[in-house]
Number of protein chains: 2
Amino acid sequence: MIRVAIVDDHQLFAETLAMGLSTIPDIDVAATFGDGAELLDHLDELSVEVLVMDLEMPGLSGMEVLESAKTLPPTLIVTMHSSEDQRRQATDAGAAGFLPKASPLVDVAAAIRALAQGATLPQDTTLSEVLEAHASPVLDPRAAALTSRERELLVCLAEGTTSTADLAHQLYISEKTVKNHLASIFDKLEVADRAQAALEAIKLGVAPRS
Amino acid sequence: MIRVAIVDDHQLFAETLAMGLSTIPDIDVAATFGDGAELLDHLDELSVEVLVMDLEMPGLSGMEVLESAKTLPPTLIVTMHSSEDQRRQATDAGAAGFLPKASPLVDVAAAIRALAQGATLPQDTTLSEVLEAHASPVLDPRAAALTSRERELLVCLAEGTTSTADLAHQLYISEKTVKNHLASIFDKLEVADRAQAALEAIKLGVAPRS
DNA sequence: ACGCAAATAGGCCGCAAGGCCTATGGTAAC
DNA sequence: GTTACCATAGGCCTTGCGGCCTATTTGCGT
């Protein structure tokens, strides 16, 4: 779980980005702030691993935060007007990555993973390679232990197919096999029943959030 | 379920706004588009009830869309630089509402509900009253039939407390009562067991999405 | 060639879950 | 003051779930 803080003066953007990132199973949004001053007031208490910040902000701007604070976590700049100048300025000031707000969410997630591992984002054409290398979420060890068939079953479960008979029909296997798979799922996810398994599958990103 | 389309050239914003709005139980995001031309190409097929659009866009801007298209659904403008001029221009061109991107998500949701009912957002101080009037989601009739105690039980369920005994302890009631509540929940939500009830509770917004 | 894990399938058993019924005290509506 | 609904609680019964075994076939790695 990578702990992230978001700093952006547009509340709607900050809020929805927080929600979007929260749905990614290996990213946890610890807090969101409206400007740099707020951030610096609370950063110590939060043990944040990666910072996601806008440059344009009222009060303390992102640029000023980068320049003033010495001990920031690796910081990803996500900004609207991404000129070459800004980019250079920001990286000179200590930003570990720089993405335009036109990027898709998966790229932001990939960038966060890269920064969490101590990497910095290149500004040249190798950027897309770095992002692709970190494209897939780091699965929880419990979820990683699941076999492909167990994952299929979990998806059905999380979509509301809960009875043994229905699961058997939907997967073209016998009821006995369904129960076997379920038993090993319960074991691996450390849960007691179908209900908990379905909820856990969604939390871990194994099944989609409808 | 209010069907909404989002138009914004900043993919990250459009994507996360779509996710954020999707988590609101009475709002359904039918599609997102990157500029006005894309929107106009597909709008007919989608039967969208409310449009959420940025003004600043490459290609066909929001302003141009408002002026060119005659038969748009009620349109909410969500923009970054909200000057009085822009606001007047947009409403003159047919926008039914205007909010800055600094607004919280709940306000956007409230505005969408207002527009879906045919209202237009006022620009004066009565705006907050209108938003407050539409602040709470229009609950699914099935969820609306639940009693307060049944909702409490569903929240526990959706958070992973699935056994009768645990539920009884957590709510300070007997196991028998838990089963009674569950039975009426199954009846009202039209589900068969605890697993489906937990999933449905999250879908309907009765229980939080952790 | 061998071993290991996954996917399939079955048997057996005990307990919990879900269906269906009655009942009582409290409270809000009319 | 009567009606209606909610929250509480219990009994009874059947089915299905989950726990614990064994077993066969397939495929992958070495």
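Everything numeric here is computed off the predicted structure, so don't read it as measured data. Order of the sequence lines fixes the chain letters, A, B, ..., with proteins taken first and strands second; residue numbering starts at 1 for each chain.
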Contact list for DNA chain C against residues 154-169 of chain B - heavy-atom distance below 4.0 Å
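Of all residues in residues 154-169 of chain B, the ones placing a heavy atom under 4.0 Å from DNA chain C are Ser163(B), Thr164(B).
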Heavy atoms within less than 4.0 Å of DNA chain C: which residues of residues 183-200 of chain B have one? Give them sorted by number.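 Result for residues 183-200 of chain B: Phe186(B), Asp193(B), Arg194(B), sorted by number.
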Expressed as a whole number of angstroms, how long is the span from [X]:[atom1] to [N]:[atom2]?
| X | N | atom1 | atom2 | value |
| --- | --- | --- | --- | --- |
| Glu150(B) | dC6(D) | CD | P | 7 Å |
| Lys176(B) | dG19(C) | NZ | C1' | 13 Å |
| Leu171(A) | dA9(C) | CG | P | 11 Å |
| His181(B) | dA9(D) | NE2 | C1' | 10 Å |
| Ile173(A) | dT25(D) | CD1 | P | 19 Å |
| Glu175(A) | dG16(D) | CD | C1' | 10 Å |
| Lys179(A) | dG11(C) | NZ | P | 12 Å |
| Leu182(A) | dA7(C) | CG | C1' | 14 Å |

Query raised in the report: Got Ile24(A) and Arg113(A) here, is their nearest side-chain heavy-atom distance under 4.5 Å?
Result: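 Yes, side chains in contact.
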| message | My understanding is that only one of Val48(A), Val50(A), Asp28(A), Val29(A) makes a side chain to side chain contact (heavy atoms under 4.5 Å, CB included) with Ile2(A); could you say which? | response |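 Testing Ile2(A) for a side chain to side chain contact (heavy atoms under 4.5 Å, CB included) against Val48(A), Val50(A), Asp28(A), Val29(A) leaves exactly one candidate, Val50(A).
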Q) Quick check: does any side chain N or O of Thr91(A) sit under 3.5 Å from a backbone N or O of Arg87(A), one acting as donor and the other as acceptor? A)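 Here the side-chain-to-backbone pair exists.
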Short side-chain to backbone donor-acceptor contact, Arg151(A) and Leu146(A), under 3.5 Å:
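Between the backbone of Leu146(A) and the side chain of Arg151(A) there is a qualifying donor-acceptor contact (under 3.5 Å).
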Note to self: If we count only N and O atoms by modelled type, under 3.5 Å, do the side chains of Glu175(B) and Thr164(B) hold a donor and an acceptor together?
What the structure shows: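 No.
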One pair to check against salt bridge (charged side-chain N to carboxylate O under 4.0 Å, His left out): Asp8(A) and Lys101(A). What are the steps and the verdict?
CA-CA 12 Å; Asp8(A) 197 306; Lys101(A) 278 194 181 173; 3.0 Å; yes
Item to complete: Check whether any side-chain N or O of Ser148(B) sits under 4.0 Å from OP1 or OP2 of dC6(D), and answer yes or no.
Response: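 No.
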> Is the base of dA9(D) touched by the side chain of Asn180(B) through a donor-acceptor pair closer than 3.5 angstrom?
Replying inline: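 Indeed, a donor on one side and an acceptor on the other fall under 3.5 Å apart.
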Within a radius of less than 6.0 Å around NE2 of His169(B), do more than 12 heavy atoms belonging to other residues, nucleotides or ligands occur?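 Incorrect, the count does not exceed 12.
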Would you mind classifying the nucleic acid contact of Thr147(B) as base, sugar-phosphate or nothing, using non-hydrogen atoms under 4.0 angstrom?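 The answer is sugar-phosphate, as Thr147(B) gets under 4.0 Å only of primed atoms, P, OP1 or OP2.
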Over all strands shown, is Thr177(A) touching base, sugar-phosphate only, or nothing at heavy-atom distances under 4.0 angstrom?
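The answer is base, as Thr177(A) lies within the cut-off (heavy atoms under 4.0 Å) of a base atom.
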Worksheet item: Any salt bridge between Asp193(A) and Arg194(B), counting N to O under 4.0 Å?
Response: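 Salt bridge: no.
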- Nearest atoms (heavy-atom pairs only) where Ala102(B) meets Gln11(A):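 Between these two residues, the closest heavy atoms are O-CB, 3.1 Å.
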Quiz item: Can you tell me how far C1' in dC15(C) sits from the matching atom in dT22(D), rounded to whole Å?
Solution: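 Rounded to whole Å, the distance is 23 Å.
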